[in-house]
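Written out below as structure tokens is the structure these notes cover.
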Amino acid sequence: MEFIVSIAILQLGLLLFIAAALLLYLICRIPSDEDHGRSGSSPGSGKTVLVTSCDCAIGLQLAFHLANSGFRVFAGLKTASEAGCPEDSVPAKAIRAWQKYRESEQELGNITVIHLDVTREDLLYESVDVIRAHLPAGQDGIWAVVCTNGITFRGSLAQQEISHWDTILKTNIVGVLRTARTFQNLLKNSGGRILTIGTSDNMGGGLVAYAASRYGVEGASDALRQELSPFGIKVVTINPVGIMPELLFAQPKFIKNPETDDVCITINGLLNYQPRVLTERALDILDIALIAKEPKSHYKLKCTYKWWHRLPLMSYI
């Protein structure tokens, strides 16, 4: 009798264990709020995104990542000609190589270069017309504007030119405000969102004006979030972690073979450049910020470089 009871207890315990494991599995399978709206390997699914400045490292990396993820990307380049055709800057050449490679691909996502400088009102409004002309028939809105425009000057406050401060504030803060105002209507039509770059944790000394501009962007983003919310427009601030601002906004450079001086080619046949500043995890978080139905107000994007990674890149600093 005792043997039968022991077997029954063992069977009951086994059933409870299986039930608990099944419940845990189901809980883990329930999507979080951040996962809503994501769609497998192509989260973009043809959505249109503007990256305001691809002349810098973070902008160019985001443009390629978003296009590879299925987004229709408009890449703003100061180095494009007045007609919007890319010239011979590193970002322009890299984008052309990417476009050529993708001609044989059947996947979603593409990159269209536009001439854009957020400090120039005329180019901002012209870019609206260019984007509208490239949108699919019947569509009159874009999903997101990613404000990657940024300038840094490092040095003591006493030694910096006041013109440097003016340039930083004009590009980093006023540029975001100009962009938000210019694209507000296109974002209303799609219930889109604006992504801004806020403060980082690794600015170091000599960046008083830059730090002021980034805190200004954070404050402006908070105010914009309240002002644009009634129109269905979301405002999200991304905060880079673990990288110096000079690398975020560095001009990309090609990686060359020291023996031949030719540009190194990736396994996908693309021109290889540096620096790439965001980790794969950071790019995944960026996808969440872009796709989530109810995104957070802030996301931290961890970067790849620590101090020893920066040694070969001192030319950027």
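Nothing fancy with the numbering, it's 1 onward along the sequence.
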Minimal non-hydrogen separation, S213 against I173, with atom names: O-CG1, 3.3 Å
Any Lys/Arg nitrogen of R96 or D88 sitting under 4.0 Å from an Asp/Glu carboxylate oxygen of the other? yes
For T148 and S53, does a side-chain donor sit closer than 3.5 Å to a side-chain acceptor? no
Identify the heavy atoms of D117 and L124 that sit nearest to each other, and give their distance. O-CG, 4.3 Å
Does a donor on one side chain and an acceptor on the other come within less than 3.5 Å for E218 and H298? yes
Locate the shortest heavy-atom distance separating C54 from L60; write the atom from each residue and the value. O-CB, 3.7 Å
Restricting to non-hydrogen atoms, name the atom on R154 and the atom on M244 that form the minimum distance, rounded to 0.1 Å. NH2-CE, 3.5 Å
Please determine whether residues L283 and V277 belong to a single hydrophobic cluster, defined as Ile, Leu, Val, Met, Phe, Trp and Tyr linked transitively by side-chain heavy-atom distances below 4.5 Å. yes
Determine which pairs satisfy ring-ring contact (aromatic ring centres under 6.0 Å, His included) with at least one residue from residues 179-215, sequence neighbours left out, and list them in order. none
Other than I168, which residues form its hydrophobic cluster under the rule that side-chain heavy atoms must be closer than 4.5 Å? I151, F153
hydrophobic_cluster_shared for I265 and W98, side chain cutoff 4.5 Å: yes
If we check side chain to side chain contact (heavy atoms under 4.5 Å, CB included) with V51, which of these qualifies: L66, L116, L77, V145? L66
In chain order, what residues pass the side chain to side chain donor-acceptor pair (under 3.5 Å) check against D262, with sequence neighbours excluded? T260
Does L286 reach the side chain of Y299, with side-chain heavy atoms less than 4.5 Å apart? no
Checking side chain to side chain contact (heavy atoms under 4.5 Å, CB included) for the pair L157/W165: CA distance, chi angles, key distance, verdict? CA-CA 10 Å; L157 202 63; W165 308 343; 3.6 Å; yes
Can you tell whether the side chains of R181 and E121 come within less than 4.0 Å, N to carboxylate O? yes
Minimum heavy-atom separation for A67 to N110, with atom names? CB-O, 4.0 Å
Which residues share a side chain to side chain donor-acceptor pair (under 3.5 Å) with W143, sequence neighbours left out: none
Side chain of D55, backbone of K78: donor and acceptor closer than 3.5 Å? yes
Is the positively charged end of K188 above the ring of F231, judged by distance under 6.0 angstrom from the centroid and angle within 45° of the axis? yes
Could you give the distance from NZ (K300) to CG (D201), rounded to the nearest 0.5 Å? 7.5 Å
Between V241 and L301, is there a side-chain heavy-atom distance shorter than 4.5 Å? no
Excluding sequence neighbours, so at least two apart, what forms salt bridge (charged side-chain N to carboxylate O under 4.0 Å, His left out) with E227? none
Looking at R225 and D222, is any side-chain nitrogen of the basic one under 4.0 Å from a carboxylate oxygen of the acidic one? yes
Under 3.5 Å, is there a donor on one side chain and an acceptor on the other for R214 and T199? no
Taking only residues two or more places apart in sequence, or in another chain, which ones meet D166 in a salt bridge (charged side-chain N to carboxylate O under 4.0 Å, His left out)? none
Any side-chain heavy-atom pair from Y101 and T266 closer than 4.5 angstrom? no
If we check side chain to side chain donor-acceptor pair (under 3.5 Å) with N149, which of these qualifies: T52, N172, T171? T52
Count I, L, V, M, F, W, Y as connected when their side-chain heavy atoms are under 4.5 Å apart, and connections chain through other members. Are L270 and F64 then in the same cluster? yes
Are any side-chain N or O atoms of R281 and backbone N or O atoms of L278, one a donor and one an acceptor, separated by less than 3.5 Å? no
